[in-house]
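Have a look at the structure below before the remarks.
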Amino acid sequence: MNIRKRVTRLITLAAAVTLAFTGGLAAPAQAAESSSYIANDTVWTDTSGKEILAQGGNVLKVGSTYYWVGQKLVSGTPKAVNLYSSTDLENWTFKGPILEQSGTEGALAVGKWLGRPQLNYNPTTRKFVLIVEVNDQMVYVGKKPTGEDEYWGRNGILFATSDTVDGTYTPTSTQSAKVNGRTTGDRSVFVDGDKAYLVYVADKGGRSINNMINLAPLNKDWTAVEPTVYWEDEPHKEAPAILKANGKYYLFASGKRDWDATATYYRVSDTLGGWNTQEPWKKVPHRPTRDDGGDNSFGTQFEQIIPVVGESGTTSYLFNGDRYSQYYGGTSAAPGGIGRNAWYPLTFEGTAPVLHGWSDVDVDTKAGTITGNRVANGRFDQDIAGKKVPHWTVKAGSNTYTQKIEDNPAVKTHEIPRQLTVESGWISQDVALPNGSYELSFDYRSSGAQKNAYFEVKGHDGQRSEKVHLNTARNQWATQKIPFTVKSGKATLGVWVDSAAPAWLNIDNVSVWSAS
């Protein structure tokens, strides 16, 4: 059973009929279903059906098993570092918390920050090492108007070790430590053979925070940080991490926008620590995403690139993105979308990484390959400020937008699904597809009475166009499918409505899967 179930959207007939006259705000009637793929823009659950709570962490492969460590961040409860396991990167079993807050004293006191966990295995000591961010370092920031000295808490790092990956992690100290004399922001760990490096954002002191990118080796036990081998002033980046691929080193980082989704930036070098410091990132438009996705990494903040290495050595890459929409501003959602996490394929064009915002990702860990539904924002559940329909092109003069399917006070804001509403005009998305046979699937409802309304696939085979007309009134959700063959390496998916009188067409759950 896949942990990322397609969102179950059940409605009663009475509710459907009532909402039919207000633009179709009810949800598609679907039975709950499990499937063997990663369903982005949904609330992910583990194999027991409970929501996965794993923010700001990393995925570590041990033998044939992947372990995902992340922060449990739930308002009003003590923070913890949670551990999940999987053999396919799709179905995750909760192993339990491996580090928890308790009491009122020390680095793990309840109420302090505990985040950005990084889990790795040291082959020399044969121990698993967990590094976490703890907000217990007091920093002098100046005098108060009353003349008193003022301090505030900033982040240090805490090390903990265990003999087994899912065992008890024992901190190596009772208090976190500064890194080379500085407090820190986000960090990750890069492992290169038997050596490990802390890749981190450092503070300059006082309230001058998150403004230095650094790379420093860990000691032989991986429980302390040695002097930096690379650093530069960079006040606009967070969440740095390194990937080694194509014989090169890639340094990725997100933008600095607090809880909000951001663009992802990168540098590339032939040597570790050899990035060009004469060309600051803020002046270099290196982004592995394009179009709308380049603005905010498809509604996420970069965390890690996960290598998927098959049994024969074939390697694919997954972009591990965090989504903090449920925390932004305390009560209001930040641009991003539904769910706490989203994972996307990352490929290379030459040496340039390219991020693909697929709605669904199917991983074959044995083969080391990734396929899936290449439609971006196919559930219309992403949210980007200033974008009517993220990752879709709305033709000028068209009246089309996304809206919440229902306003249910019992459902958290970041979990309320959205739908596409088209009242007039044309909306489309160009999708790159390898040549072959495919099936387009989508859910729809329609007020009827339009002059014309249809979903179309075109640009896939010369002048061919495959259409399904949708201008007959239908209050209940229904699923339509269109088989088509791609001979041009791409296809345009589009919805057209021509109506003289007020009318609406609702579309949801757009997907394109290989039919072969």
Quick one: does [X]'s side chain have a donor or acceptor within less than 3.5 Å of a partner on [Y]'s backbone?
{"X": "Asn296", "Y": "Thr300", "value": "no"}
{"X": "Asn377", "Y": "Pro390", "value": "yes"}
{"X": "Glu90", "Y": "Val363", "value": "yes"}
{"X": "Ser297", "Y": "Gly299", "value": "no"}
{"X": "Asn219", "Y": "Thr223", "value": "yes"}
{"X": "Gln137", "Y": "Ser176", "value": "yes"}
{"X": "Asp41", "Y": "Arg379", "value": "no"}
{"X": "Lys248", "Y": "Thr271", "value": "no"}
{"X": "Asp46", "Y": "Ile52", "value": "no"}
{"X": "Arg340", "Y": "Leu53", "value": "no"}

Smallest separation among heavy atoms of [X] and [Y], with atom names:
{"X": "Ala342", "Y": "Arg323", "result": "CB-NH2, 4.1 Å"}
{"X": "Met212", "Y": "Trp231", "result": "CE-CE3, 3.6 Å"}
{"X": "Ala107", "Y": "Leu158", "result": "CB-CD2, 4.2 Å"}
{"X": "Ala245", "Y": "Phe348", "result": "CB-CZ, 4.0 Å"}
{"X": "Ala376", "Y": "Ser359", "result": "C-OG, 3.9 Å"}
{"X": "Ser441", "Y": "Thr479", "result": "OG-CG2, 3.6 Å"}

Residue pairs, two or more places apart or on separate chains, that pass side-chain hydrogen bond (donor to acceptor under 3.5 Å, both in side chains) and touch residues 75-87: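 Pairs touching residues 75-87 that pass the test: Ser86-Asp88.
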
Step-by-step side-chain contact (heavy atoms from CB on, under 4.5 Å) determination, Phe442 to Asp508: CA-CA 6 Å; Phe442 63 91; Asp508 207 353; over 6 Å; no

When rounded to the nearest 0.5 angstrom, what distance separates [atom1] in [X] from [atom2] in [Y]?
{"X": "Thr402", "Y": "Leu420", "atom1": "OG1", "atom2": "CG", "value": "7.5 Å"}
{"X": "Phe302", "Y": "Thr262", "atom1": "CZ", "atom2": "OG1", "value": "10.0 Å"}
{"X": "Arg116", "Y": "Ser188", "atom1": "CZ", "atom2": "OG", "value": "9.0 Å"}
{"X": "Asn210", "Y": "Lys256", "atom1": "CG", "atom2": "NZ", "value": "5.5 Å"}
{"X": "Leu355", "Y": "Leu346", "atom1": "CG", "atom2": "CG", "value": "6.0 Å"}
{"X": "Asn214", "Y": "Asn180", "atom1": "CG", "atom2": "CG", "value": "7.5 Å"}

Leu243, Ile242, Leu272 screened by side-chain contact (heavy atoms from CB on, under 4.5 Å) with Leu251, the one that passes: Ile242

Assign the ring pair [X] / [Y] to parallel, tilted or perpendicular, where the plane angle (0 to 90°) is split at 30° and 60°.
{"X": "Tyr324", "Y": "Trp259", "answer": "tilted"}
{"X": "Trp358", "Y": "His356", "answer": "tilted"}
{"X": "Tyr37", "Y": "Trp513", "answer": "tilted"}
{"X": "Trp92", "Y": "Trp343", "answer": "perpendicular"}
{"X": "Tyr121", "Y": "Phe128", "answer": "tilted"}
{"X": "Phe190", "Y": "Tyr249", "answer": "perpendicular"}

Partner of Asn155 under side chain to side chain donor-acceptor pair (under 3.5 Å), chosen from Thr184, Asp203, Asp186, Asn135: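 Per the side chain to side chain donor-acceptor pair (under 3.5 Å) rule, the option paired with Asn155 is Asn135, out of Thr184, Asp203, Asp186, Asn135.
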
Check ion pair Glu232-Arg267 (N to O, under 4.0 angstrom): yes

Stepwise side-chain contact (heavy atoms from CB on, under 4.5 Å) test for Val62 and Tyr67: CA-CA 7 Å; Val62 181; Tyr67 290 90; 3.9 Å; yes

Can you check whether [X] reaches [Y] side chain to side chain, under 4.5 Å on heavy atoms?
{"X": "Asn506", "Y": "Trp477", "answer": "yes"}
{"X": "Asn341", "Y": "Gln55", "answer": "yes"}
{"X": "Leu83", "Y": "Pro97", "answer": "no"}
{"X": "Leu130", "Y": "Thr161", "answer": "no"}
{"X": "Val431", "Y": "Gln429", "answer": "yes"}
{"X": "Val510", "Y": "Leu440", "answer": "yes"}
{"X": "Pro353", "Y": "Thr347", "answer": "no"}

Ring centre gap for Trp392 and Phe380 strictly below 6.0 Å: yes

Ring-ring centroid check Phe252 Tyr265, cutoff 6.0 Å: no

Test side-chain contact (heavy atoms from CB on, under 4.5 Å) applied to Ile507 and Asp443, step by step: CA-CA 6 Å; Ile507 301 291; Asp443 297 332; over 6 Å; no

Trace of the side-chain contact (heavy atoms from CB on, under 4.5 Å) decision for Leu493 with Val512: CA-CA 10 Å; Leu493 315 180; Val512 172; 3.9 Å; yes

Trp44 and Glu51: CA distance, side-chain angles, deciding distance, side chain to side chain donor-acceptor pair (under 3.5 Å) verdict: CA-CA 6 Å; Trp44 295 358; Glu51 184 177 3; over 6 Å; no

Side chain to side chain donor-acceptor pair (under 3.5 Å) evaluation trace for His391 with Gln382: CA-CA 9 Å; His391 314 303; Gln382 289 189 34; 2.9 Å; yes

